[in-house]
Trainee: 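Please see the structure below; I have some questions.
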Amino acid sequence: MAIKKKILYYSPHPLLNLSSPAGYATHMREMITAFRAEGHDVRTLIMGGEDASMVAASGSQAGEPAIKKLVKPFVPARLWESTKDYQLKRFDLRAEQTLKQMASEWKPDLIYERCNYLQLSGVKVARELGIKHVLEVNAPYVDERITLAGKTWWTGQANRIEKQQLEGTNLAVVVSTALRDYFIKKHGLAADKFLVLPNAVNETLAIPDSVPASIQEELQKRNIKTVFGFVGSVFPWHGIDLLTEAFAQLAEQYSDAGLVIVGDGETLPAIQEKVSAWPCAERIWFVGRKSHQEVFSYIAAMDCTLMVKSNWYGSPVKIFEYGWMNKPIIAPDTIPVRDVMENEVDGLLIPPRPDAVRTAMEYYLKHPAKMQEMAAHFHAKIKAHHLWVHNAQQVINSCN
């Protein structure tokens with residue numbers, strides 16, 4: 001029997017709230033739950049808070065003080081972003097003291113930290129107190145920050161801190177081999193410093209037994225008999241524009257096929273406006289934002305699920321949820337997806353082009369039984385290897 005450990009789950013970022021509906025918070029909650037399910041004693045230090053009432057203010061534009069909204073347009077972008085970085089560095093000093101006090105008093109066997117940009121407090125405290133440390137790294141944070149907001153005065157230091165984080169931890173847990181190889185090349189680290197753990201699914205997830213009548217009625221009203229579907233944020237990197245374009249091509253030939261898009265995001269209004277003029281507009285149903293649990297009722301209504309585009313490093317949680325529900329999957333042909341799915345064995349892996357998406361959708365229409373076999377194969381793979389409790393077990397085993 002494995003020795004049960006005292007685990008301090010640490011998130012140093014001031015804007016990441018444990019109760020948020022966002023994907024990062026789902027990952028945090030699932031790992032905490034999985035460690036506890038394995039019998040470990042877990043305490044949390046979430047510097048962004050755990051109270052749901054604080055979520056709306058934790059980093060949203062709406063939560064910014066009025067003075068910031070007034071001043072921001074008149075401040076050079078580099079100065080504004082550099083000031084934000086400086087504030088983050090100062091916050092990390094406060095977080096370090098909070099963590100040090102808690103760790104000194106409770107004396108955990110392990111600090112499990114969700115890594116973030118410019119934040120070195122977890123590694124420093126663990127080393128100072130002689131506590132084993134695991135760093136969960138979900139993105140190339142420095143490069144991601146540059147892509148989103150440009151370089152700041154702290155970019156050089158941020159790269160050095162990233163290297164210190166990775167060198168200082170006992171184990172770096174990354175979501176893909178692509179991300180592992182990126183850090184190895186960038187910082188000259190050894191491969192055995194890393195544990196690759198793709199995202200996963202919770203086996204206790206409540207899956208609906210049937211499709212709610214309201215969803216069935218809406219599909220009938222739109223004359224949709226075969227349902228292609230996507231669930232997730234509607235942002236440029238998810239390729240909803242190319243998904244709708246591909247469906248428009250397909251719809252010319254298949255009059256009873258429909259596309260259901262569940263989610264919201266910055267590019268949704270523009271895509272809706274464009275689609276509204278198409279002959280197949282009625283068969284593209286934009287459902288909008290739904291709660292995490294409501295989402296599964298819509299997935300239940302889908303005959304074939306899609307995620308046609310993703311970044312080069314991330315492990316898409318959605319494909320695991322699709323697979324857990326035994327749905328045929330069309331997914332992006334990226335290294336993180338290939339880490340867990342084999343083309344034409346677990347689903348169809350495609351490049352992010354409308355013609356490739358259309359061809360894959362038509363393949364489903366012509367070979368539904370074959371794709372259902374792929375779905376069953378991937379479901380079995382998830383059950384055997386990609387549950388959150390499996391991830392927790394691997395972390396603990398790698399730390400013994």
Trainee: Keeping the roles fixed (side chain from S176, backbone from Y313), state whether a donor-acceptor pair exists under 3.5 Å.
Mentor: yes
Trainee: May I ask whether Y24 and V234 are part of the same hydrophobic cluster, defined by side-chain heavy atoms of I, L, V, M, F, W, Y residues being less than 4.5 angstrom apart, directly or through others?
Mentor: no
Trainee: Are V308 and Y298 linked, directly or through other ILVMFWY residues, by side chains that come within less than 4.5 angstrom of each other?
Mentor: yes
Trainee: Applying side chain to side chain donor-acceptor pair (under 3.5 Å), name anything that partners D264, two or more places apart in sequence or on another chain.
Mentor: none
Trainee: Out of curiosity, L8 CG to E113 CD, how far, rounded to the nearest 0.5 Å?
Mentor: 10.5 Å
Trainee: Parallel, tilted or perpendicular: which describes the rings of H27 and W388, with under 30° parallel and over 60° perpendicular?
Mentor: tilted
Trainee: Let me confirm one number: the CG-CD1 distance from L259 to I284, rounded to the nearest 0.5 Å.
Mentor: 5.5 Å
Trainee: Below 4.0 angstrom, N of the basic side chain to O of the carboxylate: do E128 and K124 qualify?
Mentor: no
Trainee: Does R222 come within less than 4.0 Å of E218, counting only side-chain N to carboxylate O?
Mentor: yes
Trainee: Would E321 and F296 satisfy side-chain contact (heavy atoms from CB on, under 4.5 Å), going step by step from the backbone distance to the final call?
Mentor: CA-CA 9 Å; E321 293 176 341; F296 297 104; 3.8 Å; yes
Trainee: Take the angle between the ring planes of Y86 and W154 and call it parallel below 30°, perpendicular above 60°, tilted in between.
Mentor: parallel
Trainee: On the 0 to 90° scale, with breaks at 30° and 60°, tag the F35-H40 ring pair as parallel, tilted or perpendicular.
Mentor: perpendicular
Trainee: Are I224 and M302 grouped together when hydrophobic residues (ILVMFWY) are joined by side-chain heavy atoms under 4.5 angstrom apart?
Mentor: yes
Trainee: Less than 4.0 Å between a side-chain N and a carboxylate O, is that true for K274 and D241?
Mentor: no
Trainee: For the atom pair CG (N199) and CZ (F320), what is the distance rounded to the nearest 0.5 Å?
Mentor: 6.0 Å
Trainee: Looking at CD1 of I146 and CD of E81, how far apart are the two atoms once the value is rounded to the nearest 0.5 Å?
Mentor: 12.0 Å
Trainee: Quick check: are there more than 12 heavy atoms from other residues, nucleotides or ligands sitting under 6.0 Å from CD of E266?
Mentor: yes
Trainee: Mark yes when over 12 heavy atoms from residues, nucleotides or ligands other than R36 sit less than 6.0 Å from its CZ; otherwise mark no.
Mentor: yes
Trainee: For R358 and E362: C-alpha separation, side-chain torsions, deciding distance, then whether salt bridge (charged side-chain N to carboxylate O under 4.0 Å, His left out) applies.
Mentor: CA-CA 6 Å; R358 187 225 187 264; E362 187 169 27; 2.5 Å; yes
Trainee: Step by step, would you call T226 with D303 a side-chain hydrogen bond (donor to acceptor under 3.5 Å, both in side chains)?
Mentor: CA-CA 6 Å; T226 302; D303 297 296; 4.8 Å; no
Trainee: With hydrophobic residues grouped by side-chain heavy-atom distances under 4.5 Å, do V260 and L365 end up in a single group?
Mentor: yes
Trainee: Please tell me whether I111 and Y9 are part of a single hydrophobic cluster in this structure, the criterion being side-chain heavy atoms less than 4.5 Å apart.
Mentor: no
Trainee: Which atoms form the tightest heavy-atom contact between L16 and N116, and what is the distance?
Mentor: CD1-ND2, 3.4 Å
Trainee: With a 3.5 Å distance limit and no angle check, can you tell me whether R180 reaches the backbone of A172 through a side-chain donor-acceptor pair?
Mentor: no
Trainee: Apply the test side-chain contact (heavy atoms from CB on, under 4.5 Å) to residues L93 and K89: give CA-CA distance (whole Å), side-chain angles for both, the deciding distance (0.1 Å), then the verdict.
Mentor: CA-CA 7 Å; L93 294 175; K89 282 170 54 62; over 6 Å; no
Trainee: Can you label the angle between the F183 ring and the H187 ring as parallel, tilted or perpendicular, going by 30° and 60°?
Mentor: parallel
Trainee: Just checking, is any N or O donor in the side chain of Y10 or S121 under 3.5 Å from an acceptor N or O on the other one?
Mentor: yes
Trainee: With sequence neighbours left out, write down each residue that passes ring pair (Phe, Tyr, Trp, His ring centres under 6.0 Å) with F91, or none if nothing qualifies.
Mentor: none
Trainee: Let me see the working for N170 and H133 under side-chain hydrogen bond (donor to acceptor under 3.5 Å, both in side chains), right down to the final yes or no.
Mentor: CA-CA 5 Å; N170 296 101; H133 182 270; 5.6 Å; no
Trainee: If you measure from the Lys or Arg side-chain nitrogens to the Asp or Glu carboxylate oxygens, is any gap between K186 and E162 under 4.0 Å?
Mentor: yes
Trainee: Applying side chain to side chain donor-acceptor pair (under 3.5 Å), which residue pairs with at least one partner in residues 322-334 are found, sequence neighbours left out?
Mentor: D333-R338
Trainee: Does the pair Q164 and V123 meet the rule for a side-chain contact (heavy atoms from CB on, under 4.5 Å), with working shown?
Mentor: CA-CA 8 Å; Q164 288 177 278; V123 168; over 6 Å; no
Trainee: Between T177 and D339, do the side chains contain a donor N or O and an acceptor N or O under 3.5 Å apart?
Mentor: yes
Trainee: Which distance, rounded to the nearest 0.5 Å, do you find between the CD1 of I396 and the CG of N391?
Mentor: 12.0 Å
Trainee: Considering only NZ, NE, NH1 and NH2 on the basic side and carboxylate oxygens on the acidic side, decide whether E96 and K100 come within less than 4.0 Å.
Mentor: no
Trainee: Counting only heavy atoms not in K225, do more than 12 sit closer than 6.0 Å to its NZ atom?
Mentor: no
